[in-house]
Amino acid sequence: MLPDFEFETQLEGCQLYPTFGGAGPGWVTPRGVAFASDGDGLPDFRLALVRGGGPFTRTSARLELRLEATYDLAGAGVPPAQLTPLLPSSGHLRLSLPLSGSGQAETLAVPLTWSTLGRARVTWRLGAEAGAVLRGALEGGTLALGANVVLALRGVAARGGGHVTFDPQALVRTLAGVRDDRGRTTYEALQTFLRAPWDGQPWRWQPSGRGDETPWAALLDRCLARFGRLAPPEDGDLSPAVTFDEPPPGEMTWPLDDVLETWRPVPLEWRPLEAMRGWAERAGTERFVTLISAPPLPRGEVPLEAVGNLPAHRVNVLEVGAHVAVPARPPFRPQPVHVTLTLTPQDTANATLRLSPGEVPAYEVRPYVLLTSVTAGSPRTRVLTGPSRPGSGEVLELGVADLPAHFIPVAAEAALLERAVLMGAVAWTEADGEHHVPIRLERGRAEVSVAVPLGVEPTLCLRAEALSRGASLDLPTSDIERPVTLWHLPGFGAHRVRFVAPTGTSALSVEVETEAGGLPTTLHLRRDRPEAEWSYVVDDPFRPGYRFRPLPDGAWSPYLSPLAVREVTLHQPHEEVPT
């Protein structure tokens with residue numbers, strides 16, 4: 001299920017989209033970002049200040065935090081049970097931290113990799129002065145720290161009539177030349193440009209002949225899908241910017257009424273210190289700030305720190321890290337240096353490179369993952385090692401793209417886990433047979449990640465078991481990298497059932513009620529109106545059925561599934577109702 005960008009409802013601070021095809025929830029865009037909660041219910045914010053142990057040792061700081069997108073489902077004017085958050089697929093965060101009295105600032109800019117629950121993990125290495133400023137701001141300072149966040153949201157592109165023919169290089173060159181007053185190619189500037197008449201533009205539009213309006217939204221959505229990328233924000237700039245890839249030469253023709261997945265940008269403001277000051281006052285600054293004293297290092301010994309921006313709750317990963325090799329440097333250092341950095345649960349690791357005095361650290365990095373799976377009924381453990389890549393400096397960053405495995409996120413929305421536990425497995429096939437990794441999602445553990453070898457095609461099988469009863473449901477196969485919601489459970493949502501009176505019936509009344517209870521509904525059928533349609537909404541997918549009985553005193557039918565029986569042919573009250 002994807003939102004349909006063809007139809008947009010503007011709400012206060014966000015947008016509402018229907019599901020493409022009409023069968024599904026409404027989708028609400030984020031209104032902001034906030035700190036995600038850690039296991040203790042506190043904001044997931046950690047600042048580590050590293051103090052050097054000698055006069056020549058550099059001091060530094062490390063900031064670790066986890067963000068989540070925030071939504072206002074209650075303010076959309078639609079029952080929250082019929083809505084679902086539209087989670088980000090990618091994005092950028094930019095934060096400028098002013099340094100004390102120098103008039104300068106340390107800028108932190110990072111792309112955001114979002115999980116299937118709308119959360120992103122970020123780790124920054126800061127200078128000592130920036131770390132001290134941030135600590136002082138938490139301990140009662142007045143620094144107003146603002147951050148720019150831009151998100152990309154996935155959906156089905158708007159449609160239009162006819163088709164366009166163009167030279168892609170000329171089209172992209174034209175769009176890349178559209179600038180706002182700050183000289184950036186923003187999404188808003190592109191909208192304004194494409195709303196204007198298309199006369200003289202490097203594309204030819206052939207309408208469908210039905211009085212089509214200029215399909216500017218359809219064209220823009222397709223340009224973003226094929227050529228566009230979300231650009232990092234700049235300080236104080238709340239207009240999302242776009243960059244374009246270089247397209248191939250030639251001529252292209254796009255139908256504007258086809259179904260195509262695209263993305264649209266959303267800008268957000270975030271003031272992280274406003275929330276953190278209150279938490280620091282209540283829980284104590286020491287819960288969020290750690291002081292580390294590094295021992296003095298002899299000359300020639302260089303500290304190496306590995307920092308991972310990786311998914312949390314890696315259920316089948318025993319270890320993840322990197323082998324680091326520094327080649328020999330004769331005659332000063334005739335032997336190579338080898339160290340292995342294994343990430344801790346906080347996704348950090350430290351080692352010491354024993355080099356020659358004054359040597360700048362330059363090395364080869366081979367990331368590895370130690371993972372487990374079950375095959376032929378027995379557990380199997382193996383090491384996946386990636387190709388070597390060059391590295392330098394005292395900080396080694398490890399991201400998902402660096403590792404020799406693909407991380408499959410499996411997540412469920414909170415509303416579903418309030419009613420059920422999800423159990424199942426991620427499975428894939430290799431030359432030695434089928435592998436699977438058991439998973440379980442429940443309250444307090446709404447998201448896990450499963451590592452699979454590169455190149456395999458994983459599948460997800462899940463079963464929902466109700467918390468209040470012994471009922472269970474098998475979930476249909478769905479997009480493995482999207483969160484499981486109530487809408488994935490068979491039967492959840494709105495249903496219609498048609499009741500048909502037997503031929504020749506002058507009048508017939510039937511009473512209908514849902515399996516979940518509530519007041520019954522009475523339907524009246526006559527010779528001139530022998531059919532009646534009854535609608536109801538299932539909000540408990542473990543009790544989705546309905547039953548009926550002819551009035552005045554007919555027997556109740558068994559509970560029927562709205563997925564299996566959508567039309568019921570009635571019988572005369574004195575006849576036995578078939579089961």
Side-chain angles (χ1 to χ4, degrees), residues 3-17 27-33 69-72 86 88-96 109 111-112 114 146-160 164 166 170-203 205 213-245 247 254 256 260-271:
D4 190 348
F5 288 156
E6 172 80 7
F7 307 102
E8 176 181 288
T9 302
Q10 183 66 47
L11 305 175
E12 184 178 354
C14 59
Q15 290 81 37
L16 174 65
Y17 298 102
W27 299 82
V28 178
T29 63
R31 292 196 64 177
V33 292
T70 59
Y71 301 83
D72 182 14
L86 180 51
S89 59
S90 62
H92 293 275
L93 169 64
R94 181 184 179 91
L95 184 152
S96 291
L112 297 174
W114 294 88
N148 293 349
V149 180
V150 290
L151 308 178
L153 308 176
R154 293 195 300 173
V156 175
R159 277 83 63 201
V164 293
F166 56 93
L171 172 66
V172 167
R173 190 162 51 246
T174 300
L175 296 181
V178 176
R179 305 298 174 93
D180 65 358
D181 54 5
R182 296 186 57 169
R184 307 190 78 206
T185 304
T186 63
Y187 183 69
E188 184 178 357
L190 290 171
Q191 288 179 305
T192 302
F193 175 75
L194 290 177
R195 280 191 177 104
W198 286 0
D199 299 335
Q201 299 298 345
W203 61 83
W205 173 45
E213 297 182 357
T214 304
W216 65 270
L219 179 59
L220 179 54
D221 279 347
R222 282 157 180 77
C223 289
L224 294 183
R226 303 292 177 87
F227 309 125
R229 294 177 182 270
L230 185 64
E234 295 183 356
D235 283 340
D237 188 358
L238 295 180
S239 298
V242 177
T243 61
F244 292 96
D245 296 331
W254 285 349
L256 297 179
L260 179 73
E261 184 175 328
T262 188
W263 61 272
R264 288 186 178 181
V266 170
L268 300 170
E269 284 187 282
W270 183 41
R271 299 196 175 277

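Atoms considered below: every heavy atom in the structure, side chains included; atoms not considered: hydrogens, waters and symmetry mates.
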Quick one, [X] and [Y] - any side-chain contact, counting heavy atoms below 4.5 Å?
| X | Y | value |
| --- | --- | --- |
| Trp270 | Leu93 | yes |
| Val242 | Arg229 | no |
| Leu256 | Arg222 | yes |
| Leu175 | Cys223 | yes |
| Val156 | Leu260 | no |
| Arg159 | Asp4 | yes |
| Val28 | Leu86 | no |

Carboxylate-amine/guanidinium contact [X] [Y], below 4.0 Å:
| X | Y | answer |
| --- | --- | --- |
| Arg264 | Glu8 | yes |
| Arg94 | Glu234 | no |
| Arg226 | Asp221 | no |

Which pair of non-hydrogen atoms, one from [X] and one from [Y], has the smallest distance, and what is that distance?
| X | Y | answer |
| --- | --- | --- |
| Arg184 | Pro232 | NH2-O, 2.8 Å |
| Ala231 | Val150 | O-CG2, 4.0 Å |
| Asp245 | Val172 | O-CG1, 3.8 Å |
| Arg31 | Cys14 | CG-CB, 3.8 Å |
| Trp263 | Ala152 | CE3-CB, 4.0 Å |
| Val266 | Pro30 | CG1-O, 4.5 Å |

Parallel, tilted or perpendicular: rings of Trp203 and Trp198 (30°, 60°) =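 Ring orientation of Trp198 relative to Trp203: perpendicular.
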inquiry  = Looking at Glu188, I'd like to know if its CD atom is crowded, meaning that more than 12 non-hydrogen atoms belonging to other residues, nucleotides or ligands lie closer than 6.0 Å.
reply    =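 For Glu188, atom CD is not crowded (no more than 12 foreign heavy atoms under 6.0 Å).
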request  = Answer yes or no: are there more than 12 heavy-atom neighbours, outside Arg179 itself, under 6.0 Å from its atom CZ?
outcome  =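 Above 12, so yes.
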Interatomic distance, [X] atom [atom1] to [Y] atom [atom2] [nearest 0.5 angstrom]:
| X | Y | atom1 | atom2 | result |
| --- | --- | --- | --- | --- |
| Leu268 | Thr70 | CG | OG1 | 7.5 Å |
| Leu112 | Leu151 | CG | CG | 7.5 Å |
| Thr262 | Leu153 | OG1 | CG | 11.0 Å |
| Gln201 | Thr174 | CD | OG1 | 6.5 Å |
| Phe193 | Asp180 | CZ | CG | 14.5 Å |
| Tyr71 | Thr29 | OH | OG1 | 8.0 Å |

request  = Pick out which of Thr192, Leu230, Leu220 makes a side chain to side chain contact (heavy atoms under 4.5 Å, CB included) with Tyr187.
outcome  = Leu220
Flag, side chain of Thr186 to backbone of Ala241, donor-acceptor distance under 3.5 Å = no
ask   = Are Tyr17 and Phe5 close enough that their ring centers fall under 6.0 Å?
value = yes
ask   = Between Arg195 and Trp216, is NZ or CZ placed under 6.0 angstrom from the six-membered ring centre and within 45° of the ring axis?
value = yes
